[in-house]
2 protein chains.
Amino acid sequence: MGRTPEGARATARGFLTSSGAAAGPPAPGTAAQAPGPDVSTYAGAHDVPDGVAVARVTLQTVADRVGVSRMTVSNAFSRPDQLSEALRAKILAAAADLGYVGPDPAARALARRSAGAVGVVLTDSLGEAFLDPVAAAFFGSLAESLAPTGLAVSLIPAENVGGHVPARDLAVDGAVVYACAGETEAVEWLRKRRLPLVFVDQDPLPGSAGVLLDDRAGGRIAVEHLLALGHRDVAVLTMNSDRTTPGWADAPRRGGSNHVARERTAGALDALEAAGLQGRVYEVVDNHDHLIAPGVAELVADPHRPTAVVCFSDLMAAHLVRAAQAAGLTVPDDLSVVGFDDSVHAHTVRPALTTVRQDFAAKGRLAARALTEAIARSRAAADTGPEDAEPTIEHIPVELVLRDSTSTAPRDARG
Amino acid sequence: MGRTPEGARATARGFLTSSGAAAGPPAPGTAAQAPGPDVSTYAGAHDVPDGVAVARVTLQTVADRVGVSRMTVSNAFSRPDQLSEALRAKILAAAADLGYVGPDPAARALARRSAGAVGVVLTDSLGEAFLDPVAAAFFGSLAESLAPTGLAVSLIPAENVGGHVPARDLAVDGAVVYACAGETEAVEWLRKRRLPLVFVDQDPLPGSAGVLLDDRAGGRIAVEHLLALGHRDVAVLTMNSDRTTPGWADAPRRGGSNHVARERTAGALDALEAAGLQGRVYEVVDNHDHLIAPGVAELVADPHRPTAVVCFSDLMAAHLVRAAQAAGLTVPDDLSVVGFDDSVHAHTVRPALTTVRQDFAAKGRLAARALTEAIARSRAAADTGPEDAEPTIEHIPVELVLRDSTSTAPRDARG
DNA sequence: CCCCTGGTCTTGACCGGTCCAGTACGTCGT
DNA sequence: ACGACGTACTGGACCGGTCAAGACCAGGGG
């Protein structure tokens, strides 16, 4: 007892004394405690008089009030099976009376070594990322799939602003990296922290799990559909953020830093080559309205305009359709257009787009599962030492949806 | 010194001894330290041999390695002005060598009493929320506006699933509540936690800040535009989640639980009444594709179809336009349509929508500012006692954008 | 020569929980 | 009557930082 006065943890400035109701000077204005085990009429912290610094209510405060140990109060909230129902009810009542909501999340995160949240790194600037319905849909689906596990989703900016580095300083148990071209600064930090990572729509780093669409097959089936309709002059409309102006690609298969764009284009070119044809590739700078518009206008005006175009996204396809219509062409009679994703744009344009559908819900679900598994694995490894289960790479199948933006090639253009 | 052996915090199982490089048995395989201040060739923790439980690297580990106190290492990372540049470099080098990335976010959150993140509660299920471009745009804009302050954004589900309650258990410094109809369970918890709250597109709770669009004015200017074009039979197309089937509203001004829908409708009715006209209100159940489609089909087929419709959202307007076209009508000649929001749908449909524009970027920016201010205020209040600065309610102006979906009323319908 | 000031680093006390290894008490089997 | 066992609760040691105040040492003015 030479160490510390009674109750090693008693709050220093709280107006409640450290042990039981008997000891210590009575709190100002407090009448004698009402007899009986029930909650006294003494008003709790939730209506403290103005100007009085509100004492911080912690487990200890509640424990002192009820006359049990801190640990028992903790159990009342976090492990109800560890104490009698009667005592638990009493503790909960006291807590409610004191305005104690529950264990402090930050303290719990530290003690439990788990934050209850995962990070998500998105492609672009945050503002633009959610303009893309594909990214937004994935994000929503991920969050929804994660909800039942109790993990919340936190947005981590890919690039830092204002000297803050959330990727380094945010408490998360793992992270999803979505379609980040190459190695972002944020990803670098996450890797250094050795957080469980899942890469989506992007090649995973060695040792990490991945969830990828079968983009190559998507490009292929889009072209095969057009070939079956008799088209021989098929172009690909895609993006390449390495360039600064739209135009025909010199090295079609090289593509830019975007994995998805490269794969989709490659799939389309594969199918064309398999048919003994050579595909042309028209690249715009990025998948944003203002960057697509000038490109498609030029593409439509091209004297050697193809009879059919496979697009990197429904957004591009929708722009292309409207540009064609504005130029007096009819879709699909004069120009067949295939989209990609089956996002809002696909059924919003007229004619509705024939497109390669991807299953957003599945993507979010698989990413959620891969991440929770990676987190579980990493926790297990902390105990039993590293076991090397090969991280998985999931592939999501795609499917061609036939609508109204494709038809047989014009008579005079057929081989 | 009778208390604890040297270095009260020396990690128990770390293979590095507690104080300085001189004392204790040399780590296995460690040659004599190379002379000079530079980093020795001894491999740090980042390539620990397989099977060896990796010792947890903390501030203390780094401090021991360099021979300084834990606090000095902390300062090296968090407050560079508190120590000499030379020592800082040495510490940073040692940290890098040991694989120490930076202060543990959870521990820091506890000690600093700040999580570095804020929560966002969205209307619907998470999966559906991001299908709505308006919600998605706001979310992105909020996250982007918050980024420079170093605050990350975490999604908090409005309703709990699987027994987890993120709204209670997630470490956040404050939260934004976006267009939640009425009092959600999540909001209830946030309120109990006394977190700084900002309400967007929804009436703020007393004591909290709010960011609201001038929805009523929006409804008004939409109608005024149509009146100016000679329309006398104007209907409102809106949502009311209290009902289960679409149809004409009995009590138009009552509306449902959605604040935005009520206001927009009220504004439109105000303008009609001011012109001595009576407005009709057609309600669908919610602002989702599958709930809108049957409603607009019925509306278009109505024998007493109005000559112009003011819609709750661009999404509804786009559906209405397409339904009208499918029924053989021409927009705007047979039916004028005004949208709301100026979201993707507005410039995606043909004809492009005349619509009431709202400034998404401003909404995110104002919400971010209101929240950071509320957080700052709450921190100040913890020190100096509560001061009662009236929380602000910001109103964002709207603006009518004229496009191609409205025109003068048909000759035979004009009063 | 002394005191004051300022830059560096250290010390001890927190932040508010959870984990784990007890201890105190029934209760049951024999 | 006695040891084994289960239940209910407690105590101390963490989790990994930050904060506020103090110690030490240098240079500079009076």
Side-chain angles (χ1 to χ4, degrees), chain A residues 1 3-4 6-14 19 55-64 66-88 90-91 95 100-116 169 171 382-383, chain B residues 1 3-4 6-14 19-20 55-64 66-88 90-91 100-116 169 171 382-383:
Chain A
M1 14 186 93
R3 283 276 321 276
T4 324
E6 38 169 304
R9 287 282 202 117
T11 58
R13 49 173 164 269
S19 56
R56 207 157 258 284
V57 182
T58 72
L59 280 186
Q60 188 66 56
T61 320
V62 180
D64 291 346
V66 179
V68 296
S69 79
R70 186 174 71 255
M71 195 58 221
T72 301
V73 179
S74 172
N75 283 333
F77 281 94
S78 304
R79 296 167 63 170
D81 56 315
Q82 295 296 301
L83 72 173
S84 68
E85 195 47 54
L87 180 54
R88 173 156 194 258
K90 198 167 147 193
I91 290 175
Y100 181 79
V101 179
D104 179 89
R108 172 185 280 199
L110 176 59
R112 287 211 206 180
R113 300 180 164 198
S114 115
D169 298 328
D383 297 340
Chain B
M1 18 191 88
R3 285 274 321 274
T4 325
E6 38 172 296
R9 286 279 202 121
T11 59
R13 50 175 163 267
S19 56
R56 207 157 257 284
V57 182
T58 72
L59 279 187
Q60 187 65 56
T61 321
V62 180
D64 292 346
V66 180
V68 296
S69 79
R70 189 173 68 255
M71 194 60 219
T72 301
V73 180
S74 171
N75 283 332
F77 280 94
S78 304
R79 294 168 63 171
D81 57 315
Q82 296 296 301
L83 73 175
S84 68
E85 196 45 54
L87 180 55
R88 173 156 193 257
K90 196 167 149 193
I91 290 176
Y100 182 80
V101 180
D104 180 89
R108 171 185 279 198
L110 176 58
R112 285 219 240 216
R113 299 178 165 200
S114 116
D169 297 330
D383 297 341

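Only this structure's heavy atoms are used, side chains among them; waters, hydrogens and symmetry mates stay out. Lettering follows sequence order; numbering is per chain, from 1.
Atom CZ of A/Arg113 and atom C1' of C/dT18 are 11 Å apart (whole Å). Put simply, CG on B/Leu87 is 10 Å from P on C/dT8, counting in whole angstrom units. Going from atom CG of A/Asn75 over to atom C1' of C/dT18 covers 9 Å, rounded to whole Å. At whole-Å resolution of the value, CG in A/Leu83 and P in D/dT10 are 10 Å apart. B/Asp169 has its CG atom 14 Å from the C1' atom of C/dG16, to the nearest Å. Rounded to a whole Å, the CD atom of A/Gln82 is 12 Å from the C1' atom of C/dC20. For the pair A/Gln60 CD and D/dT10 P, the computed distance is 11 Å after rounding to whole Å. Atom CE in B/Met71 sits about 16 Å away from atom P in D/dG22, given to the nearest Å.
Residue B/Ser78 comes nearest to B/Arg112 through the heavy atom pair OG-NH2, 4.4 Å, listed as atom of the first residue, atom of the second, then distance.
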Worked check of side-chain contact (heavy atoms from CB on, under 4.5 Å) between A/Val73 and A/Val66: CA-CA 9 Å; A/Val73 179; A/Val66 179; 5.7 Å; no
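Heavy-atom distances to DNA chain C give each of B/Arg88 and B/Ala107 a nearest nucleotide, and the one nearer the 5′ end belongs to B/Arg88. Of the two residues near DNA chain D, A/Thr72 and B/Arg79, the one whose nearest nucleotide lies more 5' is A/Thr72.
Under 4.0 angstrom from either OP1 or OP2 of C/dG16 there lies no side-chain N or O belonging to A/Thr58. For the pair B/Arg56 and D/dG16, the criterion of a side-chain N or O lying under 4.0 Å from OP1 or OP2 is met. The side chain of B/Ser84 contributes no N or O atom lying less than 4.0 Å from OP1 or OP2 of C/dG7. Applying the 4.0 Å criterion to OP1 and OP2 of C/dT11, one finds that B/Ser69 has every side-chain N and O outside that range.
Annotation: the span from B/Tyr100 atom OH to B/Ile91 atom CD1 amounts to 11.0 Å, rounded to 0.5 Å. The structure places CG of B/Asn75 at 9.5 Å from CG of B/Leu59, a figure rounded to the nearest 0.5 Å. To the nearest 0.5 Å, atoms CE (A/Met71) and CG (A/Leu83) are separated by 10.5 Å.
Counting non-hydrogen atoms under 4.0 angstrom, A/Phe77 reaches nothing in the nucleic acid. Here A/Leu110 lies in heavy-atom contact (under 4.0 Å) with a base.
Picking from C/dC19, D/dT18, D/dC9 the nucleotide with the shortest atom distance to the side chain of A/Arg112 gives C/dC19. Ranking C/dG12, D/dG12, D/dA8 by closeness to the A/Arg70 side chain, first place goes to D/dG12.
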